[in-house]
Structures are given as C-alpha cells and as structure tokens.
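Take a look at the structure below.
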Amino acid sequence: MKQPTGSPVERLAVLGAAAGEAVERLRQSPVPVIEVGCATCGRAAGALETIAGFEEALAANGVEAEIRRVGCLGHCYAEPLVTIRYPGFPPLLYQKIGPGEAGILVRSFLKDGSDPCYEYLIGALEPDENFPTLMDYPRYLFEKRVVMEQCGLIDPEDIDHYLAAGGYRALAEGLEKGGEWVLEEVKAANLRGRGGAGFPAGRKWEIARSVDKTRVIICNGDEGDPGAYMDRTLLESNPHQVLEGLILAALAIGAGRALFYIRAEYPLAVEIMEKAIAAARERNLLGEDILGSGFTLEVGVFKGSGAFVCGEETALISSLSGHRGMPRPRPPYPAVAGLDGLPTIINNVKTLSTVPAIIRNGHQWFHEIGTENSPGTAIFSVVGEVEYPGLVEVPMGVTLAHLVNDICGGVKDGKALKAVQIGGPSGGCLPVSLLDTEIDFDSLKKVGAMMGSGGLVIMNEDTCMVEVARYFTDFTQGESCGKCTFCRIGTHHLREILKSITIGEGRIEELEDLEEISTSVIKGSLCSLGKTAPNPVLTTLRFFRDEYLAHIEEKRCPARMCRNLTAFYIDLEACARGCDACVACCPTEAIFTTSNRKKAIDQEKCVKCGECVYACPPEYDAVRRVSPPELIPDQGVQPLDSGAGSEKEQ
Amino acid sequence: MLEQILASLDESEREAIDEEELQVLERVESELVTFPSEPSHLLPILQHIQARHGYLPKLALRLVADYVGVAIGKVYGIATFYNQFRFNPPGRNPIKVCLGTACHVKGGDIILENFERRLGIREGETTADREYSLERVACIGCCALAPAVVVGDKVEAYVTPSKVEGIITEIEVRKEMAAREQKKNETANG
Amino acid sequence: MSEKIVTITVDGKKITAPEGAWLLPVCLEHDIYIPSLCWLKEMDDPPASCRLCLVEIEGLPEPVASCRCPVREGMVVRTNSDEILKLRQVAFRLLVSTNDGHCNTCIANRSCELQQIAKFLHQPLRTKRLRHIDRDYPEIIDDHPVLMYEPKKCVLCGRCVYVCSQNERGYKLDFAKRGMDTIISFYGSDIDPAAKECADCLACTEICPVGALSSKEKWRRFIAEVRLKQEQKKQKPS
Ligand SMILES: Cc1cc2nc3c(=O)[nH]c(=O)nc-3n(C[C@H](O)[C@H](O)[C@H](O)COP(=O)(O)O)c2cc1C
Ligand code: SF4
Ligand code: FES
C-alpha cells in the first residue's frame, strides 16, 4: 500500500479522507444495506441463521442488497438485531429478527420500500420525523456512551469505518505532541483503571516510564468473571478503538513491546483483533515509524488458556512466560519489573478504550462526565431477572436504583427486587435498602461491594442469598490457584459450610466460622483473588442473615430455591382433569395420574427442576412450590389404578 | 524424535498406544517445528495441539517437553493448571453447559443434571462409545440468553430440560441419517 | 543488597540488619521465632505461600509475609499481636484440616515441622473446629522408580520443587493441577529413564517438612519397623 507523507496529522487526514469516501460510497449506494449484529451473543441468538434467511429471501425475491456483519449494540434482550439502511429512510433498527422475520422484511420492505415493518422496529438510529428514534427510549436516553459509542454501528472488520468516524485522530495528535503529553493528559483526566481496582492509569504509566529499560504494555482481555462480557464486546465490536488506546498507552510509557492477552474462550475476539492489527499495520498505524513519527511498535495477541486467576497481573505475566499462572507476591510491582523482568503495564480493555476519547476531547471534557473522584463512564453487564438485560454504559455516580429501574426496565414479570450482586465473584450482594448507593469506585467499596468486573446480577424474591453466596464461593474456590494456604483451603471450607447450609445440614456455630475464615482469608491471602473471594459471603451474612437462620434453624429456604429444602406438588383444586401438559415435560417421569384423572408428583422421583411449573397452562397454574417440603398438604392422592381400566381407555 | 521416544519405551507401554494416538503423535511431531523451541512458547504449542487434536496424549507432552527443552513433569504441571486442556480423547459431540452467573440464576445446574441423566455420564466424562462428552464451563458470554449450552461449536440459547431431550434427539437423528446414507452408498457401490 | 546496616524494632526489641535483607531470617537470627513452612534461606525469590510468617508492620494497612519483606531503616514490626496470633492459628487449622493426622505411623513423626509449629501455636494437630477435608487422592503415589509421595500428608509448601529445580538434572517433580487439587507430581518419570538417577540425590525427601516424600527403600524399611512394633505390642499385653 502506498503511504502518504507529511506529519502524522497530515498523513492521518489522507487516510481518514480515503476511508470517509469509501464509507460514504457505501452509504450512498443505491442498494440497501442490511447490518446484522454478529458478535458472539448475536450468533448465539441465531444471527448466522438470520443472515442465511436474508440471503435466501433476497435470492428468491430477486432483491439486491448488501449484507454486512457488525458488532454488538449491547441490547442483548433484543438479539438478533438488524439495521437496515434503505435509500430514502433513516437507518432502522429491528429486534429479534430470525430467518422468518428476515423473509418478511425482504418481501415487505427491501423489495420496494413499501412497508418498513413497524412490528419489529425498535427505532431509527438518527433523528427522524416519521420514526421513533432510539433517543425516545429510556435505555438510550439515560445512557452515556463514550466507550461503546460505535459498538454495533460500525463494521469491526473494516478499518475504514473506524477511520471515517474519526478513529486514530487521537493517535496522530499524540504522535505529534509526544508521549509525555499523552501521559499528562491521561493523568489530568484521572482515568482510573476499569479492571476492578480503580488505580489511576496515569500514575501507573508514570512509574513504568521512570524505569530505564524496554517497557511492555499489555491489554488485559482475560475477563474471567462468569457474568460479564463487556470486554469481549468491545474487542469484537470496535477492536480499533482498543488498539488505538493501546498504541497511545505504549506511546505514553515509551513501550517497545505491546500485547493483547485474550482468553481462550473468546475465539472470535482473537480473530477480529488479529485482523484489526493487520489492517492497522497496512496503513502504518502500527509497525515501524508509525505515521512518520519515528515511533515504532509491534503488537501481538496471546491467548489465555482458561484460568480466572490469570486476570491478576502477576499471574498473567507468569502465564505469558509459559508457567503455571500463579500470582507472585508484590513488590516488585509489574510496573517496575514484570514480563522478563521488564517494566510492564497492564491495563483493562475498557481503560484503554477510553484513552482515545480523552485525547481527542481533552481531560476537561472527561471530568464533565461522572463524579469528581471517578470521572468518566462505567459499563455494566446487567443480567438476571431484569426486563432489558444487556450492556449498559452510564456516567459514574448514577444510583443503582436508576440503573436497574429506569434504564433496564426494572425486575422482570413485575416481581419484587430483592438484591443486586455487583462486581462479579469478588463483589458483594446489596439489598434493596442500599439501592441509593452511587456507582463509583469509592462508594461501592464503602458498602462492602466493588466495581470489579462490572457484572451486575439482578435478583428477585425467588433467589436465595445463601445459594448465591455458595455459587460465587464455589466459583472462586474452583479458580483458586492453590498457592497460598488461606485461599486454597479457606475458600474450600467456606464453600463446604455454605453447601451444608443450603442442603439443610448447617449448624448455627458455623456462622461464626464463616465470619472468622472470611476475615482471615481477606487479610492473609497472597493475591486479590483470595483477598476479595469472601465478599459475597460477608455481604450476604450482613444483609441477609435471616435467610441463613431460616435455612439452619427451620430447614426452610425462604426463596424456595434450595432444592433439598423445597418440594413441588400439584394443587388438585386447580389441576384440570385429563390435561397432560406436565407429564410430557418431566424429565424423570415423576408425574402420575391420580384416581380422579388429575396429576400428582412422586416426591421420590422428582428432581425439582421446575419444568412442570412452566408446562402447566397458565389458566390452571396448578403447580405449587413449598419450603420446607413438609408443607405439602395431604390431598389424599391415590394413583389411578394401573390395572385394566386406564390402559383400555387409550 | 518420536522414534527415539518410542524406542525407549517398554514393550507393554508401546503396545498400549493405539493406531489413532500414534497418528496424532506423528502429526504433532511434524507441527511442532512451526513453533520456536523456547519454554515461553509452551502455552501456544499446547493450545495448538488441544485445538487440532482435541486432547494432549502423554507422549505428545513428552514430545513438547523434549522440543522446548524442559522436563515433562513441568509441561504436565502447566497443562493441568489451565481449564482448557484435556488428557483423554473427547466425545464426538462435546457438550459444554454454561454455569456462569446468569446461567446459574436461570437454572444451569438443572440443565447439567438433565444431560447427566440423559447421557448416563457425569460432568467431565465421556460416554463409553465416545459419542458424547459433558463439561461445565464458566460464562461463555451469552448471559442475556441464559441458560446456554455449547454443543460442538454451536451455542444453544434458553435451554430447558425438554430442550435437552431435543438436542440429543437431533444429534441421534443426524447420526442415524448419516449411517443410512453411508449404507446406501455402500450398497450402491458394492 | 547494600552493605548499609539499619536498625529496626521487632516486638519492642531493637535489632540491626543489612538493609534489604528479608525480615524472617533477620528475626530468626535474633531469636525471635516466626513459624514458616515454605521458606528456605537459599531462596532468592521466596514464594510466600504458606502465610504462617505474617507479621504486622507499622504504617502498612495489612499483615505482610516476613519471608519476603525487605528490612528498612526504622521499621517497627510486631510478630505477636492478637491479630497475628489469630491469623497464624487459622492458617494452621486450615493446613491440618487437610492432613490425615496419622502421626504414629508417619515416617516424620517427631521430626515433623507441623508438630513443632503446633506446639508453638498451642494448636492441636487435629482440628475439631473445622471439618476434615479428605482430598480425593490415594494414600500413596508411587509412579516414580525411586520416590514415593503421600498426598494426604503434603502441605504444598513447594520446597521439594525448589530443591529439585536447583539440581541441574532436576525437575523430576513439580506442582500439577490447581487449587484444592494441587499436588506434587512425578508425571512422566515412568517413561523417563533418567528418573532412576534420583536415587543419587534425594534432596526433596530431605527438605520435606512433613515426610510426604520419601525414598521407596527407606519407606519400606520404616513400614517394616512399624509393623514389627505393632506385632510386638499386640503380643506383649496378652
Ligand atoms: C483474580 C483476579 C482476576 C482479575 N481479572 C481481570 C480481568 O479479567 N480483566 C482485567 O482487566 N483485570 C482483571 N483483574 C485486575 C487486574 O489484576 C489489574 O488490576 C487490571 O488489569 C489493571 O488494569 P486497569 O488498571 O486498567 O484496571 C483481576 C484481578 C484479580 C485479582
Ligand atoms: S490468594 Fe488464591 S489465587 Fe491468590 S495466590 Fe493465594 S491461592 Fe493463589
Ligand atoms: S514462610 Fe512466609 S509465607 Fe511461608
């Protein structure tokens, strides 16, 4: 490829103009464009089938259109998401488009532009007189998209899209003004690390810059939290933004080596990032003498092998060097002596993704978003019992209540909110009474939770808090590296005690053990995995002690979730004679017909999967769940004589 | 390299290696040379073998160890540290049940149990006919579609106990059809 | 390490040491005992994994492992505060909760470091407070031509792995698996002819604090002795 000449800014202007033209040509194309969200989540929801559906329908109807794959908008509840750019219309966003809907869209809309299919429409991506726009929805109105601004709107595999949207301008400016200026700007912005701990990125960079050796910068894309996926989304949906941030950080610390560490479970992210690196290299945004500035940098991609603890900085470095991914005691801090003993900076995907915006808009702009001590935005993956699950980007400082109720539509099915679990496996469970807590690094820490990975699980009255604590402890225990005594054995005891409580074998004295072991593990563990692992235990003990007591003293699970302490039965009053809906769904054939042709559950066979609750037609709604199991009323159930009568009738 | 290693084994040990494993080993040996022979490349090498062959045979670890110049015990120590690696051949239809937070809240463990019951194996095991293997995984990043299961490399969303049945039936039907197809071809050719 | 000598205060006692030396050996030299399992004085880079050597240092928010805490001028250290004693006790209870506790038939009986630490911490060798964790391993692993390993005795201090790695022909044993399943493994020594050379070294069996590693030969002799004693005991009272 022929490279432009001049200063970095001039050279970028040439690249940007060419990209702008290419994208504009696409926009102006007389052929409609169909954009399908094809990040991992979209694919799981069937995006590839949707594409096949479009292709088939286009061919069958002789319609011409271009299909493009884009990333994820973060509106996972509405997946597969499709945007249609039809000449004369604003870009229109559609939800839940399967192959069938694709066919309808082709026949009704794409063929002749007659009917834009309002029934599947979310809204227009640009303000328009005739269509509701996305801004009319609370999800869009209250969100503040800085890092995720372009996600799902641009083609992640085409660098021109990013360039045309102003991409790499920050890099060009940084190259002209120099690494020190970038560093000062990020420091002044007080950008705090989004990987969990919130350590100011600028301060960390400064430490590395002061060590006179080859410096290394690593983007931490290990994202091991079992309920968060925003890093993956950013890597898959806007890889160039992360890459630009990484190059800027490299410039700021004067790095000679740069790496992405991406977990093995994210093959698509790895593939897309590798493409992005190649494309950037081709345009001299990477490699030797970047944009003629004299700054040289190569970037590699390293795949993690699946170990949560490898997200921890020192463990990540061990695993990069080809060892067991075990954390090492600090000091020395990686910023002073990390990979191969070289000063090494590790930053989260979101941290680096924020850098280009700060450089483009200046640190004052950044301080206008968020709070004084936590400027900028926070991204949460909101999952669980919530109306609109997905990725949400909000300014720091909004309250949890606002996030859950206003932005994400509140709890599903009109049930009552009971608690939110924030910060992933090392975060805490907060009760409704703490919903006024502001979302920022310091406020969350004060109530015993943390920003962590940005996982946010919404739990309703049917979620048992002891079980939630057990689940997270089970996770951290399984992921403990096994090096230090407290974390290896302490979390095991925590898990065993919690497990025994959830199956009704807990002893009251063990609550004390839970507390004592938890505080010791926090104080004594070697790395932050152990130091934060007991948080779910301690917060649930603090805010939901009555649930622990109910399990231990009454053998009762108030949420009726713990399977050993609950039972299902069929209310004979409500059950309809002759209806067989539940029988077919039961995986263990525990449901039998009673002497009066209704249904009952054989408690011996029942595995309490709850499938019959859903199978029972809503007009009967006859399946009941009780805790403790002794609460099943005696309804005088008699099985239908298995003798002659019943067989013959059929 | 492989030859030397094989030569150093006892008769009985050599006999324990079946044809299939031997083929894997031969391919591993030829693929190794594309990697730098340094200990820091151990993980990429192991990842490659895992991805290509589905598991890490013991002698493959030995090959790798000799290639990068570390002890086999160290290679084993590294491989067993990470979730990604397997030491036995997987089933033809690997099933991974997500037990991430969202899937757990939505009953992922019940789904796992249903697979266990349906296939008659426990999590981490492979059926005797090597048709299915069952594993639990932490978050595959499809939380809004919970509970999710990965069958082969396809993600199944909103799985329920009855869908478990459907998934297995679908695989069985496909297998049946392939078998019939093959038979038809054989009779046509023969 | 610089040659500068600094003065620090440990439990109210002033002591001097070269700046930057690890705190644990400095204390031991001055007769201030701090329990430890994973540390060896030859180590340049102690793993700080057993967490028995935690101490409090004035000005630091949380306890630190003394085995890899460099001494600095004016440092004020406490090795016996209530909090530290409590942490050590919990760590010790955790360690022994995974241990089989069969001292009488153990090759390390009376020379076992766990027994010594138990005495110092006034803790029983079998904790009643916590449930016993029976790790899912056989009593004995012996797929090595010379060595054998008793996983239910092992405290995973890692000293054996360290000494083995120091032997240039070493690395016959290493950590394997992760978390609670972590063990010391001889993996591959059955297909490695060089493993027989371990008979000339046996450094790992000597460094093990609890007798979880022994040479097969010595172990066989020991077991024969135990059997003999048991026989004699049975016969005597009757
Ligand atoms: C057990 C554990 C797991 C972690 N996992 C991640 C992770 O997946 N991604 C990440 O960016 N940071 C993770 N961290 C935090 C990193 O250690 C580190 O603080 C972070 O990458 C620094 O980047 P930042 O300053 O940009 O936040 C983890 C920390 C611990 C203790
Ligand atoms: S705290 Fe846990 S993960 Fe961290 S070093 Fe200790 S055992 Fe390993
Ligand atoms: S001796 Fe310090 S942690 Fe083990």
Side-chain angles (χ1 to χ4, degrees), chain A residues 305-310 314-315 323-332 337 341 474-497 499-500 505 507 509-510 512-527 529-531 533, chain C residues 20 22 36-39 45-56 61-70 83-84 86-99 127-135 154-158 161 174-184:
Chain A
S305 274
F308 174 64
V309 69
C310 287
T314 57
H323 297 296
R324 292 160 59 81
M326 296 214 273
R328 296 168 30 101
R330 299 181 297 185
D474 194 46
F475 176 81
T476 35
Q477 146 69 22
E479 293 294 335
S480 163
C481 81
K483 182 170 178 174
C484 74
T485 307
F486 284 106
C487 175
R488 178 180 75 240
I489 311 176
T491 55
H492 186 92
H493 281 289
L494 290 180
R495 183 189 63 179
E496 290 303 304
I497 297 175
K499 201 156 93 191
S500 71
E505 291 173 4
R507 284 174 283 149
E509 326 78 85
E510 285 180 320
E512 246 171 75
D513 290 344
L514 276 182
E515 268 159 4
E516 184 182 278
I517 298 173
S518 292
T519 43
S520 308
V521 170
I522 289 176
K523 280 189 198 132
S525 288
L526 173 61
C527 85
L529 190 150
K531 284 185 179 302
Chain C
W22 298 133
S36 74
L37 277 173
C38 66
W39 172 82
D45 185 14
S49 60
C50 74
R51 316 306 282 171
L52 284 172
C53 72
L54 294 176
V55 296
E56 257 170 37
E62 42 190 43
V64 295
S66 56
C67 62
R68 59 173 299 140
C69 169
E83 185 181 357
I84 290 297
K86 176 88 174 281
L87 274 174
R88 277 182 196 161
Q89 286 179 357
V90 174
F92 185 79
R93 282 211 292 272
L94 291 175
L95 278 172
V96 295
S97 74
T98 65
N99 205 286
T127 165
K128 282 185 224 73
R129 188 78 187 267
L130 297 175
R131 295 160 201 239
H132 173 67
I133 302 176
D134 192 11
R135 299 201 310 150
C154 176
V155 289
L156 293 169
C157 64
V161 178
D174 207 333
F175 287 114
K177 314 235 170 135
R178 189 178 70 200
M180 211 42 202
D181 294 336
T182 311
I183 48 163
I184 302 297

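Chain identifiers are assigned alphabetically (A, B, ...) following the order of the sequence lines, protein sequences preceding nucleic acid strands; residue numbering begins at 1 within each chain. Side chains are part of it too, since the values below use all heavy atoms of this structure and drop only hydrogens, waters and symmetry mates.
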Seminar exercise, completed: Residues passing the ring pair (Phe, Tyr, Trp, His ring centres under 6.0 Å) test with A:Phe475, sequence neighbours excluded, are A:Phe308

Segment of [X] engaging chain A (4.5 angstrom heavy-atom cut-off):
X	value
C:Pro70	neither
C:Arg93	side chain
C:Val64	neither
C:Lys86	side chain

Seminar exercise, completed: Heavy-atom closest pair (A:Gly306 atom, C:Arg178 atom, distance to 0.1 Å) is O-NH1, 3.8 Å

Problem set entry | Approximate separation, where rounding is to 0.5 Å, of A:Glu516 CD and C:Arg129 CZ | 4.5 Å

Exercise. Rounded to the nearest 0.5 Å, how far apart are NE2 of A:His492 and OG of C:Ser97?
Worked result: 8.0 Å

For this session: Say whether A:Ser500 and C:Arg131, considering side chains only, have a donor N or O and an acceptor N or O under 3.5 Å apart.
Result: yes

For this session: Only counting residues at least two apart or in another chain, list the ones meeting side chain to side chain contact (heavy atoms under 4.5 Å, CB included) with C:Ile84.
Result: C:Leu54, C:Glu56, C:Pro63, C:Ser81, C:Arg88

For this session: Report the C-alpha separation of A:Arg488 and C:Leu95 in whole Å, then their side-chain angles, then the decisive distance to 0.1 Å, and conclude whether the side-chain contact (heavy atoms from CB on, under 4.5 Å) test is met.
Result: CA-CA 10 Å; A:Arg488 178 180 75 240; C:Leu95 278 172; 3.9 Å; yes

Exercise. Any idea which of C:Asp181, C:Thr98, C:Asp174, C:Leu87 has the most non-hydrogen atom pairs under 4.5 angstrom with chain A?
Worked result: C:Leu87

Exercise. Can you find a pair of side-chain heavy atoms, one from A:Arg324 and one from C:Thr182, that are under 4.5 Å apart?
Worked result: yes

For this session: Please report the C-alpha distance between A:Phe486 and C:Val90 in whole Å, then the side-chain angles of each, then the deciding distance to 0.1 Å, and finally whether the side-chain contact (heavy atoms from CB on, under 4.5 Å) criterion is met.
Result: CA-CA 8 Å; A:Phe486 284 106; C:Val90 174; 4.1 Å; yes

For this session: State plainly whether the residues A:Arg328 and C:Asp45 are in salt-bridge range, i.e. N to O under 4.0 Å.
Result: yes

Problem set entry | Worked check of side-chain contact (heavy atoms from CB on, under 4.5 Å) between A:Ile517 and C:Leu130 | CA-CA 10 Å; A:Ile517 298 173; C:Leu130 297 175; 3.8 Å; yes

For this session: Sort out for me which of A:Pro329, A:Gly478, A:Ser520 touches chain C most, counting heavy-atom pairs under 4.5 Å.
Result: A:Pro329

Exercise. If you count heavy-atom pairs under 4.5 Å between each of A:Glu510, A:Lys523, A:His493 and chain C, which one has the most?
Worked result: A:His493

